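Below you'll find the structure, written out as structure tokens, and then a few comments.
Keep in mind that this is a model prediction, so the values were computed, not measured.
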Amino acid sequence: FTDGDSINSVMTKWTLSSSWMEAGLPSALYALQGVLTYTAYQNLDSFAFNGLTQMKTLTAALCCYWVLGKAQSPKQIFALVILSVTPLLFEGKFQDMMGKHKKK
């Protein structure tokens, strides 16, 4: 709705195809993402799965930029870099710890 639109004018513009594009397609993609996330959870180790879920935020920000043309602020870019690097650091430290325990 905008300030000048009435319910009747909005309802006359409504179509099933526009409704599908605005609500149905994102809902279907969200459901597909849920199925793929569940499958990944079953087949990956915990650190790889955590790293992939962290990357969802980065890819959402990139899609926001590509699709909507909305750039992030420098603070947001810095936060995205930290969010992207953190799983890699934790995975490396975990593998180092596991290597030390296996040698004993």
Side-chain angles (χ1 to χ4, degrees):
F1 287 105
T2 60
D3 292 335
D5 286 340
S6 67
I7 292 177
N8 289 335
S9 67
V10 171
M11 290 303 290
T12 57
K13 296 176 189 175
W14 182 87
T15 63
L16 184 59
S17 62
S18 69
S19 169
W20 169 250
M21 290 304 291
E22 291 177 13
L25 184 61
S27 298
L29 291 174
Y30 185 76
L32 177 65
Q33 179 187 8
V35 170
L36 293 175
T37 300
Y38 184 71
T39 304
Y41 176 72
Q42 291 178 332
N43 295 311
L44 294 173
D45 64 4
S46 60
F47 284 94
F49 179 76
N50 184 34
L52 287 174
T53 56
Q54 294 281 348
M55 296 306 283
K56 286 192 318 186
T57 305
L58 179 63
T59 55
L62 289 173
C63 287
C64 181
Y65 175 72
W66 288 329
V67 173
L68 302 175
K70 182 171 172 54
Q72 280 71 33
S73 71
K75 286 181 184 178
Q76 289 172 325
I77 292 172
F78 181 69
L80 288 169
V81 168
I82 291 173
L83 186 66
S84 301
V85 171
T86 303
L88 300 174
L89 294 174
F90 281 130
E91 186 170 344
K93 288 194 183 277
F94 178 74
Q95 288 176 351
D96 288 345
M97 282 190 329
M98 292 305 291
K100 290 176 184 175
H101 289 294
K102 286 182 182 178
K103 290 178 184 176
K104 290 182 180 180

### Task
Flag yes if Phe78 and Leu80 sit in one hydrophobic cluster, no otherwise; membership is Ile, Leu, Val, Met, Phe, Trp, Tyr, and two members link when side-chain heavy atoms are under 4.5 Å apart.
no
#### Entry: Connected via hydrophobic side-chain network under 4.5 Å: Leu58 and Trp66
yes
### Query
At what distance, to the nearest 0.5 angstrom, does CD1 of Ile77 lie from OH of Tyr65?
9.0 Å
### Summary
What one should report as the nearest heavy-atom pair of Ala61 and Gln72 is O-NE2, 3.5 Å
### Query
Does a side-chain heavy-atom distance below 4.5 Å link Phe49 with Thr37?
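The answer is yes; the side chains approach within 4.5 Å.
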